[in-house]
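What follows is a single structure, written as structure tokens, with notes after it.
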Amino acid sequence: MKAALMYDIGKIVVEDVPDPEVDTGDILIKVEACAICGSDVRTLWHGSSHVKPPRILGHEVVGTIMKMGAQVDGYELGDVVAITPAIECGECLYCRSGFTNMCSKLETIGFEFNGGFAELMNVPAKAVKQGHVNKLPSGLSCDQAVLAEPLACCINGQEPLGIGLGHKVVVIGAGTIGLFHTELALLKGASRVFLADVVLSRLKNVVNLGKNVVPIDSKNIDLIKEIMVQTNDYGADIVIVACPVGEAQNQALKMVAKKGRVSLFGGLPPDQSIGHIDSNLIHYKEIGVFGAHASTATQNRLALELLANKRVDASRYITHTFRLDQIMEGMNAAKEGKAIKVVVKP
Ligand SMILES: [Zn+2]
Ligand SMILES: [Zn+2]
């Protein structure tokens, strides 16, 4: 099969490799679509402790079942399925508490396992067994269903924030993740979402989100000042940092109200994660600061449902599609922030 292998920082080569082996509990899919995630871009240019090259990246995958191990039950050849990539052990304390994304032995497709930037992808037995292979609900195309994984991660990230009726929410970063957070916050009853980005072209995407979303050009407007003006000097109830920028994390602490909650949703590159936050802001304002990592199989099923029912409109997110051999062009488009969501179709 053809596959895109990451060999080194900044280097992906598309080449012929042997088809993946399929063990008795595994499922082999023909990849129909695999979207590029911010973490793929970060891994390619900054590396990741979870990726030992050469590795096929890509974890937002939808495909058609081509082959199944003898022990696989409940699926048929030809089923079109979306994959939940973060695979839990099922046995540790976190798994038994339902927080499978926090599993002590978490292994992820596109990181520890080969991913979806290839013609074929193997889904390991423990993923199949634990509900990570989900048939697409009717009315949802493969291109749209790749959005389930990033949407599931946003659902997970919002769980501890308690967004509710009338809340004023700030989302910093108007990429796919920022737009998903905006849509989810509105679904939960937020009265206003202020969506900020330094890239003007991204803010154009905001127009469709309706009158309760206020775009802010934070390159030319002082974001903290603007939020204080818009909230009668109290600050926002919730601030979600949906970009990989340390300074934005500290800005979030400044513009959130006392007793407010901040999500550090976007991870920082490993060499840039220390020394951004003024912890006294957390202390004196009694701010709750939350992290977010990956998502569970349950949250992925919920995301598929929201997309299929058009509670989150999948149609506006995919702006660029590339063939597998054009993957570096896709990575560059994702990196430059011109695209909302880039999909690679083998
Ligand atoms: Zn992702
Ligand atoms: Zn576990």
Side-chain angles (χ1 to χ4, degrees), residues 6 8-11 36-53 55 57-60 85-86 94 99 101-112 115 149-150 152-161 170-178 180-181 196-199 202 218-219 223-224 236 238-256 260-296 331-332 334-337:
M6 177 184 165
D8 209 341
I9 300 292
K11 188 183 175 196
I36 295 178
C37 175
S39 67
D40 295 319
V41 173
R42 201 163 61 232
T43 298
L44 178 57
W45 277 288
H46 294 274
S48 160
S49 58
H50 299 278
V51 173
K52 298 221 176 352
R55 171 68 69 222
L57 306 181
H59 58 270
E60 299 176 358
Y94 298 112
F99 306 122
N101 59 318
M102 290 288 104
C103 172
S104 308
K105 294 178 190 155
L106 197 69
E107 291 184 304
T108 305
I109 288 173
F111 290 83
E112 285 86 357
E149 196 276 335
C153 293
C154 295
I155 291 170
N156 177 62
Q158 287 201 7
E159 250 163 42
L161 302 181
V170 178
V171 177
I172 307 176
T176 315
I177 293 293
F180 279 156
H181 275 304
D197 205 295
V198 291
V199 183
R202 282 191 166 166
S218 51
K219 192 174 182 188
L223 179 57
I224 298 171
I238 314 281
V239 181
I240 299 170
V241 185
C243 61
V245 181
E247 178 50 29
Q249 299 182 341
N250 206 45
Q251 286 182 336
L253 299 177
K254 288 183 181 166
M255 70 182 85
V256 76
R261 293 177 288 283
V262 170
S263 169
L264 306 184
F265 187 89
L268 302 183
D271 52 345
Q272 295 170 26
S273 62
I274 295 170
H276 302 287
I277 281 177
D278 175 356
S279 66
N280 264 354
L281 291 169
I282 301 172
H283 174 81
Y284 285 111
K285 288 165 75 175
E286 297 192 356
I287 301 166
V289 180
F290 298 91
H293 178 66
S295 54
T296 67
M331 286 286 191
N332 279 308
K335 182 185 172 190
E336 286 158 16

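All values below come from the heavy atoms of this structure, side chains included, with hydrogens, waters and symmetry mates left out.
- Two residues are said to be in side-chain contact when any heavy atoms from C-beta on lie closer than 4.5 Å; T108 and H50 fail this criterion.
- The side-chain heavy atoms of H59 and S39, taken from C-beta on, include a pair separated by under 4.5 Å.
- Note that the CG atom of N101 and the NE2 atom of H293 stand 7.0 Å from one another [nearest 0.5 Å].
- Sorted by first and then second residue, the salt bridge (charged side-chain N to carboxylate O under 4.0 Å, His left out) pairs with a member in residues 284-296 read K259-E286; sequence neighbours excluded.
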Side-chain polar contacts of residues 270-278 - donor-acceptor pairs under 3.5 angstrom, sequence neighbours left out - could you list them?
| residue | atom | partner | partner atom | Å |
| --- | --- | --- | --- | --- |
| H276 | NE2 | Q272 | O | 2.8 |
| D278 | OD1 | N280 | N | 3.0 |

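- Inter-residue side-chain proximity for L44 and K335 is flagged as unmet; no heavy-atom pair is nearer than 4.5 Å.
- Here the side chain of N250 pairs no donor or acceptor atom with the backbone of E247 at under 3.5 angstrom.
- Interatomic distance, NE2 of H181 versus CD1 of I155, reported as 10.0 Å (0.5 Å rounding).
- The salt bridge (Lys or Arg N to Asp or Glu O under 4.0 Å) search around E112 returns none, not counting sequence neighbours.
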Q. Yes or no on side-chain contact (heavy atoms from CB on, under 4.5 Å) for S218 and V198, after CA distance, side-chain angles and deciding distance?
A. CA-CA 5 Å; S218 51; V198 291; 3.6 Å; yes
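- With sequence neighbours excluded, no residue forms a ring-ring contact (aromatic ring centres under 6.0 Å, His included) with Y94.
- The backbone N or O of I224 sits nowhere less than 3.5 Å from a side-chain atom of Q251 that would complete a donor-acceptor pair.
- Residues P244 and P269 share a closest heavy-atom pair of O-CD, 4.1 Å.
- One finds the CD1 atom of I240 at 11.0 Å from the CG atom of L264 (value rounded to the nearest 0.5 Å).
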Q: Assess whether side-chain contact (heavy atoms from CB on, under 4.5 Å) is satisfied between M6 and T43, documenting all intermediate values.
A: CA-CA 9 Å; M6 177 184 165; T43 298; 4.1 Å; yes
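- Applying the side-chain hydrogen bond (donor to acceptor under 3.5 Å, both in side chains) rule to S263 yields no partners; only residues at least two apart in sequence or on another chain are considered.
- In this structure, N156 contributes its side chain and A292 its backbone to no donor-acceptor pair below 3.5 Å.
- Atom CG of L281 is separated from atom CD1 of I287 by 6.0 Å, given to the nearest 0.5 angstrom.
- Within the 3.5 Å criterion, the main-chain N or O of F111 finds a donor-acceptor partner in the side chain of R55.
- You'll find the side chain of I177 reaches within 4.5 Å of the side chain of P150, heavy atoms only.
- Rounded to the nearest 0.5 angstrom, F265 CZ and C153 SG are separated by 5.5 Å.
- Among residues two or more places apart in sequence or in another chain, the salt bridge (Lys or Arg N to Asp or Glu O under 4.0 Å) test is passed with E159 by none.
- A pairwise comparison of heavy atoms in G173 and C243 identifies CA-CB, 4.4 Å as the closest pair.
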